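Notes follow once the structure below has been shown.
Chain letters run A, B, ... following the sequence lines, proteins first, then strands; residues in each count from 1. Everything numeric here is computed off the predicted structure, so don't read it as measured data.
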Amino acid sequence: MNRKAQEEMVGFGIIIVIVMIILMVFIGISVKSNNSSQIQSYEVNSFIQSFLQYSSSCKDYFGELNVQDLIYLCNLNKECLDETNSCEILNSTLKEINSASWKVSNESIYKGYNLRISSGDKIIFQTSDGQITNNYRSGIQKLPPKHGEMIDVLFNVYS
Amino acid sequence: MVNKKAQMKIQQMSFMLIGVMLFFGLVALFLVSFKSSELKQTVGDILEENALLLVSKLAESPEFSCGGSFDSYAGSCIDLDKVMALKNSISKYNGFWGVSNIEIRRIYPSSLEVLCDLSNYPDCNRIQLLSQENTGTGVSNFVALCRKQAIGNNFENKCEVGKLIITYEQP
């Protein structure tokens with residue numbers, strides 16, 4: 001009698017353990033998928049499209065180059081018409097646009113951002129400010145290659 | 001004796017069933033609350049996305065968009081020269097977009113806030129259409145603000161970074 005009761009208790013315990021394991025796996029999968037997936041944001045994608053069209057101070061024979069053309073020029077290590085370094089202009093322009101557009105602070109809903117422009121393994125430009133959190137929105141723009149590989153413009157905003 | 005044993009067995013079984021039911025009930029309750037919080041987050045995201053889509057729809061409308069005037073057909077681009085022309089005849093568009101106000105603000109290069117009119121354009125950074133007041137729910141999205149700039153006898157494309165802000169009354 002006692003032994004049977006013990007066996008039943010063990011059976012009940014096993015059922016509880018199995019259900020708990022299933023539950024833990026389920027929660028683990030949902031939490032992991034929330035963290036790792038990049039939420040595509042209209043706002044971030046619009047921001048990328050906007051700054052790519054910005055007319056920079058770097059000129060060629062046809063006039064001011066927009067940031068997209070400046071990225072191509074910097075990737076080729078070429079200079080602007082007035083012999084200034086295209087990468088330096090790209091650097092200062094993008095840093096100023098980012099700090100004017102995203103006011104990051106502990107009080108703001110935006111805690112930080114990260115902009116990365118790369119071609120394959122080569123990083124053309126990278127800047128970040130504020131803190132990196134697990135809650136972020138992401139946007140990516142792929143620029144068609146003029147020479148070599150495709151250029152990726154990736155922007156993350158952390159909140 | 002046999003009857004008593006059977007009764008004990010039935011009692012054991014019923015306790016066991018109650019225990020199992022309670023346990024699964026709690027698990028189900030936990031799952032439902034977890035899913036409902038996820039659902040709330042999704043609803044919030046969809047509402048935000050719809051509001052931003054409304055701004056994008058406005059930015060892509062023929063009255064605002066750059067079209068092919070600035071070399072490329074890039075999205076999120078507003079032709080400021082067109083908007084200034086539109087500002088003059090904005091009374092004809094009352095209720096056309098279903099929004100209470102439209103504002104275009106230059107973000108970069110930043111400068112002191114100056115409201116645009118035909119006398120100070122383009123040396124200004126804020127264009128108000130439809131109304132001078134912002135009442136209701138406001139949503140904004142980034143746009144490129146492009147215009148033609150006179151350089152000697154030629155015209156050059158000049159694009160800056162800005163925000164299109166719309167205000168609408170919630171139903």
Side-chain angles (χ1 to χ4, degrees), chain A residues 1 4-5 7-9 11-13 15-20 22-24 26-27 30-31 33-34 39-57 59 62-69 93-103 135 137 139 141 143 155 157, chain B residues 5 8-9 12-13 15-17 19-20 23-24 26-28 30-31 34-35 37-38 41 45 48-56 59 66 70-72 74-78 106-111 139-147 149 151 154-164:
Chain A
M1 175 75 186
K4 268 201 169 177
E7 275 171 10
E8 276 170 21
M9 286 287 278
F12 185 56
I15 290 172
I16 289 174
V17 168
I18 290 169
V19 173
M20 286 300 279
I22 292 169
L23 201 69
M24 295 287 269
F26 174 75
I27 292 168
S30 11
V31 169
S33 66
N34 274 354
I39 306 161
Q40 287 291 312
S41 162
Y42 281 98
E43 195 180 16
V44 178
N45 279 317
S46 300
F47 174 67
I48 297 173
Q49 284 192 0
S50 309
F51 79 67
L52 286 177
Q53 294 172 68
Y54 177 76
S55 309
S56 71
S57 56
K59 291 182 181 178
F62 302 103
E64 290 177 341
L65 290 175
N66 60 32
V67 170
Q68 183 168 333
D69 290 333
T93 307
L94 286 182
K95 279 185 176 168
E96 284 170 19
I97 290 175
N98 280 326
S99 60
S101 305
W102 305 93
K103 308 281 181 201
N135 187 15
R137 288 178 180 272
Q141 183 93 32
L143 306 181
F155 192 81
V157 182
Chain B
K5 249 193 173 179
M8 270 292 278
K9 273 268 177 199
Q12 261 184 352
M13 189 62 151
F15 276 126
M16 179 75 178
L17 281 174
V20 170
F23 177 71
F24 280 108
L26 283 172
V27 170
F30 177 77
L31 285 180
F34 187 74
K35 278 280 163 200
S37 69
E38 222 173 52
Q41 175 73 37
D45 284 348
E48 190 194 335
E49 201 175 293
N50 282 345
L52 286 171
L53 274 175
L54 182 65
V55 183
S56 300
C66 294
F70 297 90
D71 297 338
S72 62
S76 299
C77 176
I78 285 181
R106 190 179 69 204
I107 290 175
Y108 184 80
S110 46
S111 60
V139 274
S140 66
N141 205 359
F142 288 98
V143 282
L145 306 175
C146 295
R147 60 188 158 85
Q149 186 173 254
I151 309 279
N154 296 322
F155 283 96
E156 230 176 46
N157 296 333
K158 181 86 185 166
C159 292
E160 294 160 329
V161 179
K163 266 192 167 183
L164 175 65

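- B:C146 approaches A:Q53 most closely through the heavy-atom pair SG-OE1, 4.4 Å.
- Contact record, A:I97 with B:Y108: CG1-CD2, 3.3 Å, taken as the closest heavy-atom pair.
- Shown here are the side chain to side chain contact (heavy atoms under 4.5 Å, CB included) partners of A:K95, two or more places apart in sequence or in another chain: A:N91, A:F125, A:T127.
- Chain A forms more heavy-atom pairs under 4.5 Å with one residue of B:V20, B:V161, B:N157 than with any other, namely B:V161.
- If you measure heavy-atom distances from A:Q68 to chain B, you find no contacts under 4.5 Å at all.
- Considering CD of B:E156 and CD of A:E64, their distance stands at 5.0 Å, rounded to 0.5 Å.
- More than 12 heavy atoms of other residues, nucleotides or ligands lie within 6.0 Å of NZ in B:K158, so this atom counts as buried by the packing criterion.
- Here OG of A:S50 is found 10.0 Å from NZ of B:K163. Values are rounded to the nearest 0.5 Å.
- The OH atom of A:Y42 sits 10.5 Å away from atom CG of B:N141, with the distance rounded to the nearest 0.5 Å.
- The closest donor-acceptor contact from the side chain of A:S55 to the backbone of B:C159 lies under 3.5 Å.
- Here the OG atom belonging to B:S140 is positioned 6.0 Å from the CD atom belonging to A:E43, to the nearest 0.5 angstrom.
- The side chain to side chain contact (heavy atoms under 4.5 Å, CB included) check on B:F15 picks up B:Q11, with sequence neighbours excluded.
- In this structure the side chain of A:Y54 reaches within 4.5 angstrom of the side chain of B:P109, judged on heavy atoms.
- Heavy-atom distances place the side chain of B:L53, and not its backbone, under 4.5 Å from chain A.
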